[in-house]
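In what follows, every chain begins at residue 1, and chains take the letters A, B, ... in the order their sequences are listed. Fair warning: this is a prediction, and the values are worked out from it, not measured in the lab.
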Amino acid sequence: MYYSLPLRPLMNHKKVRVRFAPSPTGGLHLGGVRTVLYNYLFARHHGGDFVLRIEDTDQSRFVSGAEEYIMQCLTWCGILPDESPANPGLYGPYRQSERKALYAQYALQLVEQGNAYFAFDTTEGLEAMRENYKTEHHNAQYDARTRGFMRNSLTLSKEELTDLLACNTPHVIRIKMPVDQTLVFTDMIRGKVSFDTNLVDDKVLLKADGTPTYHLAVVVDDYLMKITHAFRGEEWLPSAPVHLLLWQYLGWESEMPQWAHLPLILKPDGNGKLSKRDGDRLGFPVFAMDWTDPRSNEQTIGFCERGFLPEAFINMLAMLGWNSGMEQEIFSKDELIQHFSIARVHKGGAKFDYEKAKWYNHQYIQQTDNTRLVDLLQPFIADKILPTDACKLATVIGLVKERLHLLGEFWEQASFFFIRPETIDIAAIQAKWNENTKQFFVLLAQKFAASTDWNHDTIELVFNEAVAEAGIKKGEAMLPLRVMLVGGKFGPGVFAIAEQIGITETVARIEQAISLL
RNA sequence: GGCGCGUUGGUCAAUCGGCUAAGACGCCUCCCUUUCACGGAGGAAUGACGGGUUCGACUCCCGUACGUGCUACCA
């Protein structure tokens, strides 16, 4: 038997509605943010709604604070949902734990229709089955081959079943996978995908505690919330036939959303999908924002706290698995919305490249104006900069921004503007140091101290005069002056630095350096 | 093991049968800059493999290899 669902046009008369449905179990991963982003871009592009639904049915994995954390991340990224637990629309509640009562009726309906059944097997019973029926070529699973040997409503007599149910014997409801069917559906990214029903197991739909598994919950919720397009990670592809069948069995086939299974984000080295551990191991963030596990108190750094601009983070993520087809790589959020199309999402997984991510951030730092950078920089310098220095911050940022890839690098690039360097690279000065240069710097300090005008042009004029009077080469003095003021061989133009730190401090740093040589 | 999905430089990727295969990151060289960076110019580096189909294949088909995902009363 061959069964297929027709592909409906992408743009139909219904309003586009998409959802992001995370489990509140911990930090929000790069892949998660990208899924949100693609949902958001697709919804905005088509003038549709973007819904946040919290999939918190598994109490054993629930982590307190995780939902609030997810909202914070979305807020930081600037990709807020139109409907969410915090901002309900017409299709609430938006937490599965609050929708618990909804699901059982549908599972029961499936049992009545003969598409599902009660199963009373214990953990031990299931383990025994997996052990007994596995072969060299097949893993044993709960399916047409094995369900006839298990304790379920297909094998139990009517009386036994009634008794068991009457005694509230713990049980689950499983879908009854049909035999010898080929299920075909059209994925928006992958095209036609097909599955043999004989190879899919009888997934649990309703758990013994009465909560639905993901399989039942997505279908029911997507239906009730009128979701038209469903994006999720590629790891869900193997269970798509179960969901397809559920839409069909529940009689909602014509309402089924179009699926798009997104490619995975892989680790930069080696193989496998990117995990938090890879970030720890290779020294880059994996979560959008800092996450502290309430149980272990383990802290994990986020892109935000590492010094990424949200626009850069979003831009970088958008390009990881999607491409506009143009040469342009820097896209504002509005441009992303305008150009995004699901047809241009890649099929293959993409390795995450932190260097490229930093390059995006670097680009955004360059094009962000200094006053906004002053605000963004606050968390990174609040404990370092005196309030009296705050006014010159914008100027300093303008001077050093072109060498920043992360906001957190600001202090190492600019601390000398605010405080005297703790150590200076004496060796770099000594290479050019002799009695003549020493006399030059003594003279220079005197001239600086006597200056009335103090800006980079006048400073350079004074410097040139001193060079001429001392009879040395300018090249012999430039680098030592830099090292005296900065501490090392780096930083913006030396006269601009002198201007910013002021006459007194400039003279003091020169004199201190001379005394050390 | 089974099943699904994938495979263009080290990485992200363009190409929808005409390719002398874009561009970006990273790397290297040079210029600019008496520092570092920015900027500019250049360079090295790519179609997994084998069969078809075709006048012509990176593009289509098949096989193999490799990668990856799933194979829970987790999502």
With P as the reference atom in both, quote the distance from B:A44 to B:A22 in angstrom, rounded to an integer.
12 Å

Below 4.0 Å: OP1/OP2 of B:U15 and any side-chain N or O of A:Arg344:
yes

Would you mind classifying the nucleic acid contact of A:Ala350 as base, sugar-phosphate or nothing, using non-hydrogen atoms under 4.0 angstrom?
sugar-phosphate

So what does A:Lys474 hit on the nucleic acid, given a heavy-atom distance under 4.0 Å: a base, only sugar-phosphate, or nothing?
base

Over all strands shown, is A:Val193 touching base, sugar-phosphate only, or nothing at heavy-atom distances under 4.0 angstrom?
sugar-phosphate

Quick check: do A:Glu476 and A:Asn436 have side-chain heavy atoms less than 4.5 Å from each other?
no

Residue met sooner reading RNA chain B from 5', once A:Gly325 and A:Ala357 are mapped to nucleotides
A:Gly325

Quick check on B:A72: is either OP1 or OP2 less than 4.0 Å from any side-chain nitrogen or oxygen of A:Thr213?
no

What is the pairing partner of B:G23, taking Watson-Crick or G-U wobble pairs with both distances under 3.5 Å in any strand?
B:C12

Euclidean distance, A:Phe20 CZ relative to A:Leu74 CG, rounded to 0.5 Å
7.0 Å

Using both distances under 3.5 Å as the test, list the Watson-Crick or G-U wobble partner of B:C30, or none.
B:G40

Quick one: A:Glu355 CD to B:C25 P, roughly how many Å, whole number?
12 Å

Figure out the NZ/P separation between A:Lys347 and B:G67, and round it to whole Å.
22 Å

Mind checking the CD-CD1 spacing from A:Gln500 to A:Ile497? Nearest 0.5 Å is all I need.
9.5 Å

Give A:Val172 one of three labels, base, sugar-phosphate or nothing, depending on what nucleic acid heavy atoms sit under 4.0 Å from its own.
base

Span that lies between the C1' atom of B:A75 and that of B:C58, in whole angstrom:
38 Å

Please report the distance separating the C1' of B:G67 from the corresponding atom of B:U8, rounded so that it comes out in whole Å.
15 Å

Quick one: label A:Lys358 by what it contacts on the DNA or RNA (base, sugar-phosphate, nothing), any heavy atom closer than 4.0 Å.
nothing

What contact category does A:Glu55 fall into here, base, sugar-phosphate, or nothing, at under 4.0 angstrom with non-hydrogen atoms?
sugar-phosphate

Between P of B:C12 and CD of A:Gln363, the distance in whole Å
20 Å

Length of the line joining A:Leu183:CG and B:G4:P, which is rounded to integer Å
13 Å

How far, in whole Å, is B:G9 from B:G23 if one measures between their C1' atoms?
13 Å

Looking for any heavy atom pair under 4.0 Å, which part of the strands does A:Asp58 touch: base, sugar-phosphate only, or nothing?
sugar-phosphate

Please state how far atom CH2 in A:Trp359 lies from atom P in B:G10, giving the value in whole angstrom units.
21 Å

So what does A:Tyr360 touch, heavy atoms closer than 4.0 Å: a base, only the sugar-phosphate, or nothing?
nothing

Determine the contact category for A:Asp196: base if any of its heavy atoms lies under 4.0 Å from a base atom, sugar-phosphate if only primed atoms, P, OP1 or OP2 are that close, otherwise nothing.
nothing

Is the shortest distance from a Lys or Arg side-chain nitrogen in A:Arg281 or A:Asp269 to a carboxylate oxygen in the other one below 4.0 Å?
yes

B:G6 pairs with which nucleotide, Watson-Crick or G-U wobble, both distances below 3.5 Å?
B:C66

Touch class at under 4.0 angstrom, heavy-atom based, for A:His261 against every strand present
nothing

If you compare every side-chain N and O of A:His346 against the phosphate oxygens of B:A14 (OP1, OP2), does one of them come in below 4.0 Å?
yes

Looking across every strand, which nucleic acid part, if any, lies under 4.0 Å from A:Pro22 by heavy atom: base, sugar-phosphate, or nothing?
nothing

For B:U71, give the paired nucleotide (Watson-Crick: N1-N3 plus N6-O4 or O6-N4; G-U: N1-O2 and O6-N3; both under 3.5 Å), or none.
B:G1

Quick check: any donor-acceptor pair below 3.5 Å linking the side-chain of A:Lys203 to the base of B:A72?
no

When the P atoms of B:G40 and B:A24 are considered, how many whole Å apart are they?
10 Å

If the plane angle is over 60° it's perpendicular, under 30° parallel, otherwise tilted; pick one for A:Tyr354 and A:Phe308.
tilted

Result of checking A:Phe185, A:Phe195, A:Tyr214 against A:His243 for ring-ring contact (aromatic ring centres under 6.0 Å, His included)
A:Tyr214

How would you label the contact of A:Gly321 with the nucleic acid (heavy atoms, under 4.0 Å): base, sugar-phosphate, or nothing?
sugar-phosphate

Taking A:Leu404 as the fixed residue, which of A:Leu373, A:Ile365, A:Asn361 is the one that meets the side-chain contact (heavy atoms from CB on, under 4.5 Å) rule?
A:Ile365

Determine the interatomic distance between P on B:A65 and the same-named atom on B:U29; round to the nearest Å.
43 Å

Integer-rounded Å distance: B:A37 P and A:Lys489 NZ
12 Å

Within this structure, what is the OH-to-P distance between A:Tyr103 and B:A75, rounded to whole angstrom?
11 Å

When all nucleic acid strands are considered with a 4.0 Å heavy-atom cut-off, which category describes A:Met478: base, sugar-phosphate, or nothing?
base

Closer than 4.0 Å, any side-chain N/O of A:Lys207 to the OP1 or OP2 of B:C74?
yes

Atom P, compared across B:C3 and B:G43: separation rounded to whole Å:
49 Å

Sugar-phosphate only, base, or nothing, as touched by A:Thr135 at under 4.0 Å among non-hydrogen atoms:
nothing

B:U34 phosphate, OP1 or OP2: any side-chain N/O from A:Arg482 under 4.0 angstrom?
no

Pairwise 5' ranking along RNA chain B for A:Phe195 and A:Trp322, keeping only the more 5' one:
A:Phe195

A:Glu327, nearest nucleotide to its side chain (from B:A37, B:G6, B:G23):
B:G23

For A:Phe410 and A:Phe417, I'd like to know if the aromatic rings sit close, meaning centre-to-centre distance below 6.0 Å.
no

From C-beta outward on A:Pro238, which listed nucleotide comes closest to its side chain: B:A37, B:U35, B:C70?
B:C70

Consider the side chain of A:Val204, meaning its heavy atoms from C-beta on, and name the nucleotide among B:G2, B:C73, B:G10 that approaches it most closely.
B:C73

In whole Å, measure the gap between the C1' atoms of B:G6 and B:U64 for me.
15 Å

Non-hydrogen side-chain atoms of A:Leu317 and A:Phe313 separated by less than 4.5 Å:
yes

Rounded distance in Å - CD (A:Glu329) to C1' (B:A14)
11 Å

